[in-house]
Amino acid sequence: MPEISRKIFISAGESSGDIHGANLMHCLLEKNPNITFYGLGRENMLQAGLHGLHDMSGKSLMWLQVLTELSGFMKMKKDCIHFLRQERPCAVILIDYCGFNFHLAKAAKKLGIPVIYYISPQLWAHAPWRARKMKKLVDKLLVIYPFEKSFYNNAGIPVTYVGHPLFDEIHKEGADEGLVTELKNQMGETIASFLPGSRRQEIVRLLPLFLQSAVQIHQTIPSAQFVISCSNEQHFDLISAITKESPVPCKIVVGSVHEVIKASTLCIAGAGTITLQIAYYLKPMIIAYKISPIVYFIARPFLITPYIGLVNKLASKMIVPERLMCRGNYAWLANQAIQLLNNPQKRQACIHELSLLMDEIAKPGASEHAADEVLTLLSSKPNDPRSFL
Amino acid sequence: MLIMLGFFYVLLLIAFASLIASAISYFLAKIKIFSFTLLLFYTSNTFLSFFLIHNHHTVFFYIIVIFFVALPIICLLLFALDIRYALFCTDTSFVLVFVWLLIPVLFIVNLISYILTVIHA
């Protein structure tokens with residue numbers, strides 16, 4: 001009788017994937033303390049008990065940056081495949097990060113190890129044809145947005161909607177009320193916050209646009225005060241340098257994203273998960289995303305979703321203003337901001353739509369649900385020598 | 001010589017028109033029109049390069065054909081196959097950046113060759 005393996009290989013590359021991966025690991029360990037985790041992750045997953053094959057810090061790269069780290073990625077892939085061959089874990093759990101994780105899925109599939117993909121890459125937005133690849137490589141897909149279920153079901157992939165783990169985090173941590181009050185006392189009644197994102201490129205592209213709009217907003221509403229959320233301490237110097245050129249004073253808050261959002265009257269953000277955090281606190285927002293004209297030209301035929309903002313996509317209608325820009329259309333941004341700050345009816349309508357959306361999706365328990373799905377899948381293979389049971 | 005220059009001029013016009021048409025059809029995601037205009041673009045440019053460059057700079061002509069014609073066409077075919085059959089783990093859409101960088105360069109190379117031929121004539 002072969003020895004029963006309770007090893008799970010888990011891989012996350014992005015910092016958000018690391019947080020969600022750690023939460024999933026905690027839930028799995030609560031349900032079965034005998035599990036040992038191996039794989040790729042960052043500090044949160046390592047703290048949760050991951051035996052890391054490689055540290056993934058600084059590995060969230062885009063476009064050509066990947067080429068500069070190509071040999072490192074090849075080495076990681078080789079080590080992971082070697083581990084899968086030698087140790088034969090009972091499952092492989094992959095969290096987002098499809099650029100690398102698809103390669104691991106392929107290797108695991110070849111070895112006959114069940115592959116569970118938690119948090120699907122946003123193929124529905126830009127590369128729907130890759131769902132076919134997903135079907136070939138994945139045994140179970142755990143998605144975090146309700147509309148993803150039908151998208152992947154149509155592609156013939158076994159899929160379960162587990163909810164968004166972000167809401168687990170928010171329910172667990174929440175905003176520090178003391179800091180929120182302090183911010184409000186410092187800044188006054190009308191606070192517009194800028195949340196340009198956590199990536200350097202996003203900050204460089206979006207923050208100057210946001211600051212240009214701040215000038216116009218300030219001219220129309222002199223009482224408006226501006227806060228910039230710096231989610232990553234490493235980017236403080238960059239944000240300071242960009243802000244220095246702005247004629248309107250802006251306070252930079254490092255970390256404390258929840259507090260910044262909660263203290264704000266209006267949030268101006270790039271597209272992404274941050275918009276869900278803003279929606280959770282029922283704050284009116286404007287979504288703006290800027291790309292270069294050449295990138296827009298190349299990506300245009302593949303932009304199949306009518307909305308760039310997650311909240312609009314989830315609501316299937318434009319509940320908050322959004323615009324994808326090639327040029328810095330700060331006048332549009334300022335105009336929308338002024339309307340949302342000055343027009344109570346418009347503000348209220350936006351808040352009402354956000355609350356309807358949040359009633360539907362902002363439920364905690366995604367990690368727990370995902371852990372249940374993982375264990376169900378593993379227990380459904382009782383004849384497998386690597387089975388859990 | 002004038003007849004030849006006139007012929008090159010017509011080819012250059014076709015190359016330019018097909019470049020614009022392919023860019024528009026690509027942008028509007030009209031795939032069949034895009035495929036046709038791109039084929040026209042590559043055909044006209046290959047002929048143009050052949051007539052303008054091949055006789056005097058044969059090696060340069062083959063470099064142009066391999067790097068600016070064959071390579072992007074292979075990339076596009078691989079991308080199309082990946083869309084249809086999900087062949088690669090890596091997202092192949094990055095080849096479009098590569099292809100769209102090379103397309104205008106090919107036209108500019110031919111345009112410069114044509115201008116030099118006219119000056120020389």
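Values below: every heavy atom of this structure, side chains too, minus hydrogens, waters and symmetry copies. The chains referred to below are lettered A, B, ... by the order of the sequence lines, with proteins before strands, and numbering in each begins at 1.
Only the side chain of A:F302 comes within less than 4.5 Å of a heavy atom in chain B; its backbone stays farther off. Contacts between A:R132 and chain B at a heavy-atom distance below 4.5 Å involve backbone atoms as well as side-chain atoms. Heavy atoms closer than 4.5 Å to chain A are found in the backbone of B:F88, but not in its side chain. Neither the backbone nor the side chain of B:I31 has a heavy atom closer than 4.5 Å to any heavy atom of chain A.
Using a 4.0 Å cut-off between charged nitrogen and carboxylate oxygen, A:E322 and A:K313 do not count as a salt-bridge pair.
With sequence neighbours left out, the side chain to side chain contact (heavy atoms under 4.5 Å, CB included) criterion links B:P72 to B:Y42, B:V99, B:L102. When the side-chain hydrogen bond (donor to acceptor under 3.5 Å, both in side chains) test is applied to A:Y117, no partner is found at least two apart in sequence or on another chain. A search for side-chain hydrogen bond (donor to acceptor under 3.5 Å, both in side chains) contacts involving B:T92 returns B:D82, not counting sequence neighbours.
Checked against a 6.0 Å centroid threshold, the rings of A:Y145 and A:H164 count as neighbours. Annotation: A:W124 is not in aromatic contact with A:Y152 [ring centroid separation under 6.0 Å not met]. For B:F34 and B:Y26, the distance between ring centers is under 6.0 angstrom.
When the heavy atoms of residues 8-21 of chain B are compared with those of chain A, none of the residues falls under 4.5 Å.
Note: B:C89 leads B:A86, B:C89, B:A29 in heavy-atom pairs under 4.5 Å with chain A. Between chain A and the options B:T90, B:L101, B:L96, heavy-atom pairs under 4.5 Å are most frequent for B:T90.
The side-chain contact (heavy atoms from CB on, under 4.5 Å) with A:V115 is formed by just one residue from the set A:D139, A:L104, A:L141; it is A:D139.
Looking at A:N101, its side chain does come within 3.5 Å of a backbone N or O of A:D96 through a donor-acceptor pair.
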